[in-house]
Amino acid sequence: MATKASLVSRLLGLKERSGKTWSQIGREMGLTNVYVAQLFRRQAQLKPHAVDSLRSAVPQMPDDLIHEMMKPPMRSYDPSLIQEPAVYRFWPYPSLSPSQSHFITISSLPRLNEAVMHFGESIKEVINEEFGDGIMSAIDFYCSVDKVKGVDGKDRVVVTFDGKYLPYSEQSRRHGLQNTTKAKLKIPGHGGHAAMIWLSSMEFDQAYNGLVHG
């Protein structure tokens, strides 16, 4: 069975040979540039409706990689991406053999992490003010990176996180594990026989109240 690292190495090699950027492939597939990069890094699942557009965008894509990309991925990340401020271990570059390690110095990742951590508490407060007590989903979620010109004419990076709002649930006793607690109730039957049934705690309360107060 191929490892995730070897699959990613092959996929990134195909992307490199296509000569296209993530944004170009994304436009051809109707997907965001970041999501396309996630597909090639086996961090997202290729859906059946997107297969033809992927083949059109990257004609060299073989059937076995299409098959692998359509499997639910093992989503993960390298913890050293946040632990080390300057040097990060990445997957082997397509030009290197899978056994070779490649270290590169990158400043965008620590800066992105720093921005989220630095602004995190304030972002949370604004979410709470605008939506209530909840969070932004990272599953029902869209992410894209865009290049724009600032008012000074210089290039600027725009990272968009677009996630569904998820409110925290009040943990009522009549929900969750309480409903899985079962109680036995003996029901008299014909000819002196009795039937035993299992009820959830909520169902038992309702049955008991009906017998006592009904």
Side-chain angles (χ1 to χ4, degrees), residues 1-84 86-113 115-116 135-148 155-166:
M1 180 183 294
T3 65
K4 182 175 180 177
S6 63
L7 291 172
V8 170
S9 179
R10 289 180 62 195
L11 288 167
L12 293 182
L14 286 170
K15 185 263 183 184
E16 186 177 284
R17 288 193 291 277
S18 76
K20 297 179 180 179
T21 65
W22 295 124
S23 294
Q24 289 172 326
I25 298 173
R27 282 193 292 271
E28 293 182 39
M29 296 184 66
L31 301 172
T32 68
N33 48 15
V34 173
Y35 192 79
V36 171
Q38 290 286 81
L39 288 173
F40 278 67
R41 291 186 176 277
R42 291 294 291 127
Q43 293 287 78
Q45 182 186 30
L46 179 68
K47 304 300 183 184
H49 67 82
V51 171
D52 288 343
S53 60
L54 175 60
R55 290 187 188 278
S56 176
V58 186
Q60 305 91 340
M61 185 69 68
D63 289 341
D64 67 310
L65 284 183
I66 293 284
H67 178 72
E68 290 296 331
M69 294 175 78
M70 295 183 72
K71 294 180 181 178
M74 179 64 72
R75 294 172 173 87
S76 60
Y77 72 95
D78 185 347
S80 68
L81 293 178
I82 357 180
Q83 294 172 353
E84 173 56 51
V87 180
Y88 299 85
R89 180 183 292 274
F90 276 73
W91 300 117
Y93 266 29
S95 58
L96 303 178
S97 67
S99 63
Q100 290 177 287
S101 296
H102 189 73
F103 287 85
I104 56 177
T105 300
I106 282 197
S107 59
S108 60
L109 287 173
R111 293 295 77 76
L112 180 59
N113 180 63
V116 173
I135 63 171
M136 177 182 69
S137 172
I139 296 176
D140 191 340
F141 180 84
Y142 300 88
C143 180
S144 63
V145 177
D146 294 291
K147 178 181 177 181
V148 301
D155 291 338
R156 300 185 68 83
V157 179
V158 177
V159 180
T160 301
F161 286 179
D162 180 349
K164 179 181 179 180
Y165 170 69
L166 300 176

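Predicted, not measured: the structure shown is a model, and the values here were computed from it. Side chains are part of it too, since the values below use all heavy atoms of this structure and drop only hydrogens, waters and symmetry mates.
Test His67, Glu68, Met70, Lys71 against Leu46 for side-chain contact (heavy atoms from CB on, under 4.5 Å) and you get one pass: Met70.
Considering only heavy atoms from C-beta on, Arg41 comes within 4.5 Å of Leu12 through its side chain.
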Give the table of side-chain donor-acceptor pairs shorter than 3.5 Å for residues 136-145, with sequence neighbours excluded, one pair per line with atom names and distance.
unit_1 : atom_1 : unit_2 : atom_2 : d
Ser137 : OG     : Ile139 : N      : 2.9
Ser137 : OG     : Asp140 : N      : 2.9

Only pairs under 3.5 Å count here: list side-chain donor-acceptor contacts from residues 24-31, not counting sequence neighbours, and write none if there are none.
unit_1 : atom_1 : unit_2 : atom_2 : d
Gln24  : OE1    : Thr21  : N      : 2.8
Glu28  : OE1    : Lys20  : NZ     : 3.2
Glu28  : OE2    : Lys20  : NZ     : 3.0

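For the atom pair Gln38 CD and Asn33 CG, the distance stands at 11.0 Å (nearest 0.5 Å). In this structure, CG on Leu11 lies 12.0 Å from NZ on Lys15, to the nearest 0.5 angstrom. Taking CG from Leu54 and CD1 from Ile66, the interatomic distance works out to 4.5 Å, rounded to the nearest 0.5 Å.
The two residues Met74 and Lys4 make their nearest non-hydrogen contact at O-NZ, 2.8 Å. The minimum heavy-atom distance between Gln45 and Arg75, with the atom names listed, is N-NH2, 4.0 Å.
Partners of Asp64 by side-chain hydrogen bond (donor to acceptor under 3.5 Å, both in side chains), not counting sequence neighbours, listed by chain and number: Arg10. A search for side-chain hydrogen bond (donor to acceptor under 3.5 Å, both in side chains) contacts involving Asp52 returns nothing, not counting sequence neighbours. For the salt bridge (charged side-chain N to carboxylate O under 4.0 Å, His left out) test, no residue two or more places apart in sequence or in another chain qualifies with Arg42. For Arg55, the salt bridge (charged side-chain N to carboxylate O under 4.0 Å, His left out) criterion is met by Asp63, not counting sequence neighbours.
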